[in-house]
Amino acid sequence: PPFSQLLSPSTQRCQQVTAKPDLHSKLRNQAINQRRRSLNSRLIAIITFGSSRHQLLQLTLVFVNFIGILLIVPLFIMTVATEAFTAPEVLQTTMPHPAPRSFTVYLIRHGEAVHNVEEKAAKKRVLKTQADRGMDADHQETKRLAEDARKQVLLDPRFFDASITDLGKSEAQGAREKLQAFVADGLPAPQEVMVSPLQRCLSTVEQVFSGEDNVKVRVEEDLRERLTGRPADNRMCSDSLEELFPRFSFASLRSISSSNLLSMAETDVSDTSSTGGLTAGGDDHSEHLSRHNLSFDMSNLASSNPPSPAHPHGSSRRRTSTSTSLRSSSSTNVSVEVEDDAALRKRAFRFFKLLEESESDSVAVVTHKGFLRGLERGCFGIAGSPEFKNCEVRVYKIELTPGNLFMDGIERLR
């Protein structure tokens, strides 16, 4: 018989009791194995999904690299193919930039001219008239009338390219003494003079730099007064100026239209298509120029009032009288070009080009009130700078890099 049957009943009951834990262990192990298989299946799913994303990322990177190669390779080929043509440009761009230059600039307004005397007299007459009416000099109407009277004086043909007075010569001597004092105080002496071609400025240079044969003088058209169309702001031709000022060279003066140059040698103007000096060479400066026909009435010069212009009339652009007849006739009609403030400031910026062309580091500039106003308030950026008095001297230190249209720095020294 089986061994279990040989056992006593009590022994068989003990075996049954001890067998129950084995059944529970088996069931527990089955549950654990089932959970383990479930976790393994989930982990396999996660790993499989991650591998798919990784593969997608790898494909994306491969595609981007492929596109980059397609773009870079043609550019590389073009660069190699055109290397021989671009080599000079590369050499040019790698050249060092020019070093900044430092200039000591003496700005001088001309001495008193004959038209300045009449301007002051006309303003005094207006002030007296207004005072009799009970209006002071600061009244708006008084200021307007005084300015109108001053401008009317400038229409007098007798003041064509006005010369300086004896007082103007004395003022120029005073400017000479100021320059000498500045030099004694440590400032460098002017090595070069740039001057407007109008004779009141040329006469001032003769007085201020008398005996200074080592100082170079440059007559520059760009330094002239604003083109107003008035006789006082027009100049004589270079031939006439050379006769009056043999010390100076006028060869550099550009040729300007006869409507702006009422010279003694000219008797007729038929070519009105010629460009002015400020528009020569294709300069776009002409966009700020306008043409006006002015009639100067000289019939009342002997009266107490300054001459007044008649209203512009007619469309003729032909001047039929010489500067000699301007001084003697009773009425003259002149076609002129006029600059506005924007044109004057644009021309004033050419002053930096003149400095760049100069071989000197200390330069004196003798010019006009209007030009100096545009230079200081426009180019120098000094808003509200007071207007120059006759033969007033102001000294600036200017830092300028050749090739630039603007300054690197500016400092008022005196």
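The first residue in the sequence is number 1, and the count goes up from there. Computed from a predicted structure; not experimentally measured.
Inspection of the Arg412 and Ser385 side chains reveals no N or O donor paired with an N or O acceptor under 3.5 Å. Side-chain atoms of Arg133 and Gln130 include a donor-acceptor pair closer than 3.5 Å.
In this structure, the side chains of Glu141 and Arg144 come closer than 4.5 Å at one or more pairs of heavy atoms. In this structure the side chain of Glu118 never reaches within 4.5 angstrom of the side chain of Gln152, judged on heavy atoms. Within the 4.5 Å cutoff, the side chain of Tyr106 has heavy atoms near those of the Leu187 side chain. Inter-residue side-chain proximity for Leu355 and Val105 is flagged as met; some heavy-atom pair is nearer than 4.5 Å. Under the 4.5 Å side-chain criterion, counting only non-hydrogen atoms from C-beta, Val366 is not in contact with Val208.
Judged by distance alone, the side chain of Thr367 and the main-chain N or O of Ser196 form no donor-acceptor pair under 3.5 Å. Of the possible polar contacts, none joining the Asn390 side chain to the Gly168 backbone as a donor-acceptor pair under 3.5 Å is found. In this structure, the side chain of Arg176 engages the main chain of Ser210 through a donor-acceptor pair within 3.5 Å. Checking side-chain atoms of His368 against main-chain N and O of Gly370 turns up no donor-acceptor pair under 3.5 Å.
Taking 4.0 Å as the cut-off between side-chain N and carboxylate O, Asp222 and Lys353 do not count as a salt-bridged pair. A salt bridge links Glu147 with Arg150: the closest approach of a Lys/Arg side-chain nitrogen to an acidic carboxylate oxygen falls below 4.0 angstrom. At a threshold of 4.0 Å, the pair Glu220-Arg350 does not count as salt-bridged, since none of the basic side-chain nitrogens sits closer than that to a carboxylate oxygen. With salt bridges taken as basic N to acidic carboxylate O contacts below 4.0 Å, one links Asp361 and Arg101. A salt bridge between Lys369 and Glu392 is absent, with no side-chain N of the basic residue lying under 4.0 Å from a carboxylate O of the acidic one. Salt-bridge check for Glu192 with Arg218: passed, with a basic side-chain N closer than 4.0 Å to an acidic carboxylate O. Under 4.0 Å is where a charged nitrogen must lie from a carboxylate oxygen, and between Asp132 and Lys128 at least one such pair does. For the pair Arg235 and Glu221, the salt-bridge criterion is met [side-chain N within less than 4.0 Å of a carboxylate O].
The CD atom of Glu243 sits 8.0 Å away from atom SG of Cys237, with the distance rounded to the nearest 0.5 Å. Taken from NZ in Lys389 to CD in Glu112, the straight-line distance is 13.5 Å, to the nearest 0.5 Å. How far CD1 of Ile108 is from CD of Glu171: 13.0 Å, rounded to the nearest 0.5 Å. Distance check, rounded to the nearest 0.5 Å: NE2 of His115 to CG of Asp156 gives 11.5 Å. Leu202 contributes atom CG, which lies 8.5 Å from atom CE of Met236 (distance to the nearest 0.5 angstrom). From Phe182, atom CZ reaches atom CG of Leu413 across 9.5 Å, with rounding to the nearest 0.5 Å.
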Inset, instruction - Would you sort out whether Val219 and Phe245 count as a side chain to side chain contact (heavy atoms under 4.5 Å, CB included), showing the intermediate values? - result: CA-CA 11 Å; Val219 183; Phe245 305 96; over 6 Å; no
Legend entry - side chain to side chain contact (heavy atoms under 4.5 Å, CB included) between His110 and Asn116, worked out: CA-CA 11 Å; His110 61 79; Asn116 297 140; 3.6 Å; yes
Inset, instruction - Could you give me the CA-CA distance, side-chain angles and deciding distance for Glu212 and Val193, then say whether side chain to side chain contact (heavy atoms under 4.5 Å, CB included) is met? - result: CA-CA 11 Å; Glu212 303 288 344; Val193 179; over 6 Å; no
Inset, instruction - Run the numbers on Ser102 and Lys397 for side chain to side chain contact (heavy atoms under 4.5 Å, CB included), then give the verdict. - result: CA-CA 7 Å; Ser102 179; Lys397 181 180 180 181; 3.3 Å; yes
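Nearest heavy atom pair, residue Thr142 against residue Met135, reads OG1-CB, 3.8 Å. In this structure, Phe349 and Cys379 approach most closely via the heavy-atom pair N-SG, 3.5 Å. When all heavy atoms of Ser358 and Met194 are compared, the closest pair comes out as CB-CE, 4.0 Å. Taking all atoms of both residues into account, the shortest heavy-atom contact from Thr228 to Val338 is O-CG2, 3.7 Å. Glu225 and Phe371 make their closest contact through OE1-N, 3.3 Å (heavy atoms, listed as atom of the first residue, atom of the second, distance). The two atoms that bring Pro197 and Leu241 nearest to each other are O-CD1, 3.4 Å, heavy atoms only.
Each of Leu375, Leu354, Leu198, Val195 was checked for a side-chain contact (heavy atoms from CB on, under 4.5 Å) with Leu223, and the lone residue meeting it is Leu354. Checked options Arg226, Lys151, Arg224, Arg200; the residue passing with Asp233 is Arg200 (criterion: salt bridge (Lys or Arg N to Asp or Glu O under 4.0 Å)).
The aromatic rings of Phe250 and Phe248 sit perpendicular, their planes meeting at an angle over 60°, well past the 30° parallel limit.
For Glu359, the CD atom sits in a loose shell: 12 or fewer heavy atoms of surrounding residues, nucleotides or ligands are nearer than 6.0 Å.
Evaluation of the ring-ring contact (aromatic ring centres under 6.0 Å, His included) test over residues 382-404, restricted to residues two or more places apart or in two chains, returns Phe380-Tyr396.
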